[in-house]
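In what follows, a structure is listed as structure tokens, so that the remarks can point back to it.
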Amino acid sequence: MKILVMSLLRLGDFIQILPVIEGLKQKHPDAEIDVWVHAPVSKSLGHLIPSINHWWALDRDELQAGLGRADLPLLTSFDVLREQCDEINHRNYDLIINVTQTRFSAWLLGYLRCKTKLGLGFNPRGQAEFHSPWFRYLDQHADPSVKDVFHYTDVFMYACDLGESERVWNLRPTEKGHEELKALGLPRENVIAVQPLTSDEKKNWGLERWAECLIEVSRRNPECHFVILGAPSERAKLEDLFHRLNGVPFTPAIVSLDGALAVLNQSEMLITGDTSIKHLANAASCQVIELALGPSDHRRTGIYKEGALILSGRTECAPCPHSSPCHQASHRCAENLRPDVVARIIECQRKNLDLVKLARDHKDIALRRTHFLGIGFWYALDLHESWPVTISRWIERSTWKFTLAPKRKGPVPAVGSEAYGIYHALRELHPDGNFQPVLAHLDFLEKDQSRTSSGDQEIFARLKAEAQREKTLDLSRLRSVQTRLESETQARSIRSKIIRTLKSHLAESS
Amino acid sequence: MSEEEKLKAALARLEHSIRKVIETRGYSRETRALKLLSELIQEQLTNGHTRHSTRSIR
């Protein structure tokens, strides 16, 4: 079997889908898995990932250079691209998966020939085809203002029918990385890696704040040694931070990804912005504290590790759009993360101290701890969030899992196990075991389900009556309303079963 | 001419061509090719969400 995975975004986006590649490898042990990525991604990562058979590199710079020249025919760049597409078509892939979800990649998927495709593609008329309800879900939940959304890694795992598989980040340490680590001469213990810069100014915390925070951490924890990570292109900017860290034990580490992986494996902790190094840490042994600022949406791309911390400043504008400049007078989400408080959080995480009080005392900071729940998805639990809110989100996600899953016979017993899974996760994470507020909330949700159900039926009946009265029976509109109502009804039935079963588990235990 | 201006000019040229091809020949292979290229540029310009996709990495 030959499989091609298209990931035409950035380095971090590609690292995020490594569990999909490993999952496919486990599901189809004899399959050849190839990937199609941007040229810099294959250059940086090619030798680190053993599971990939062949790397196709898309040279975006070359394509764009051709488009910007008036002396070349308009379709010159397309000819270059077509040549690569034809080569890919000659490989006769059995399955092509597009995990990119951009319009450009959708046109490319439409151009490729393959019996089975997964992910967003455009047909010749430019109409979107998703090939899986999970990719449609992704499209419908693209707006940053949605209340809740699955992590991208989970979406892609479920879309490839790998939802129940273990999430494995298989990155191979290299000799080059080992040599770079050796050259740094780091101590064996108490090493804290820091990645202060990201690709987007709005995601950066600011070097002044980083310096203030690290000085405070060092004052409270004199045994710590910092290693400041950066790419060669970031060296000049980082010099400013190095000057500010006067008296703090630190080592600058301008290293390759191989070197960064080796450093992370020797560090007890990584403190980082939202950047590829954060995703790399999924494959390393260190703990992680992520600073999610600006457009960084932790729900979709947060650190996918058990027990990591994600910090963000609470502002009504976060997460903001990627492309536009910050519209606030100052970078409020970064300002809300006070360096002294972050330093205390780092200390608590290192020494395994209780963070809940700290979260309560600093309401302008959202402090989240990540968990991979037994019900098959990643969740960043806000330490300030009330349990009824958490439970509502888990129930909603479990309902989505069933409604988006391929149709299977006899789903009822599985819904029962899902409810038990939620109960189990709640027992594991709930600090004081008082389930009364949760039970009261479940009562409310149950009543709300039946109220919405009768409301929907009324809407449909009214639409039908109006159409018949005015003799303008718009069949396609009625059909679309009916389809929506049917899927709502299915979701409601699953949700109700989960709520009822969960209630009975909680009532029994209390 | 900056890189961004070059891309904006190319995008305008492509969009004009797409309109012309659709008017004269409807949806065809050329339309798809042109659409694909215009998406490539839009992604790179500030209105796309993969603005930094070619930034230098390690």
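All values below come from the heavy atoms of this structure, side chains included, with hydrogens, waters and symmetry mates left out. This structure is a prediction, so every number in the text was calculated from the model and none was measured. Lettering of chains follows the sequences in order, A, B, ..., and the numbering in each one begins at 1.
- Only the side chain of B:Ser17 comes within contact range of chain A, judged by heavy atoms closer than 4.5 Å.
- Here A:Trp107 is the residue among A:Phe78, A:Trp107, A:Tyr111 with the most heavy-atom pairs under 4.5 Å with chain B.
- Within 6.0 Å of the CZ atom in A:Arg172, the count of heavy atoms belonging to other residues, nucleotides or ligands exceeds 12.
- Within the model, atoms CD of B:Gln42 and OG1 of A:Thr102 stand 11.5 Å from one another, a figure rounded to the nearest 0.5 Å.
- Here the CG atom belonging to B:Leu36 is positioned 9.5 Å from the OG atom belonging to A:Ser105, to the nearest 0.5 angstrom.
- From B:Leu40, atom CG reaches atom CD of A:Gln64 across 5.0 Å, with rounding to the nearest 0.5 Å.
- Residue A:Glu83 qualifies as open at atom CD: its count of foreign heavy atoms under 6.0 Å is 12 or below.
- At a threshold of 4.5 Å between non-hydrogen side-chain atoms, the residues B:Leu37 and A:Leu63 do not count as touching.
- Only the side chain of A:Leu81 has a heavy atom closer than 4.5 Å to any heavy atom of chain B.
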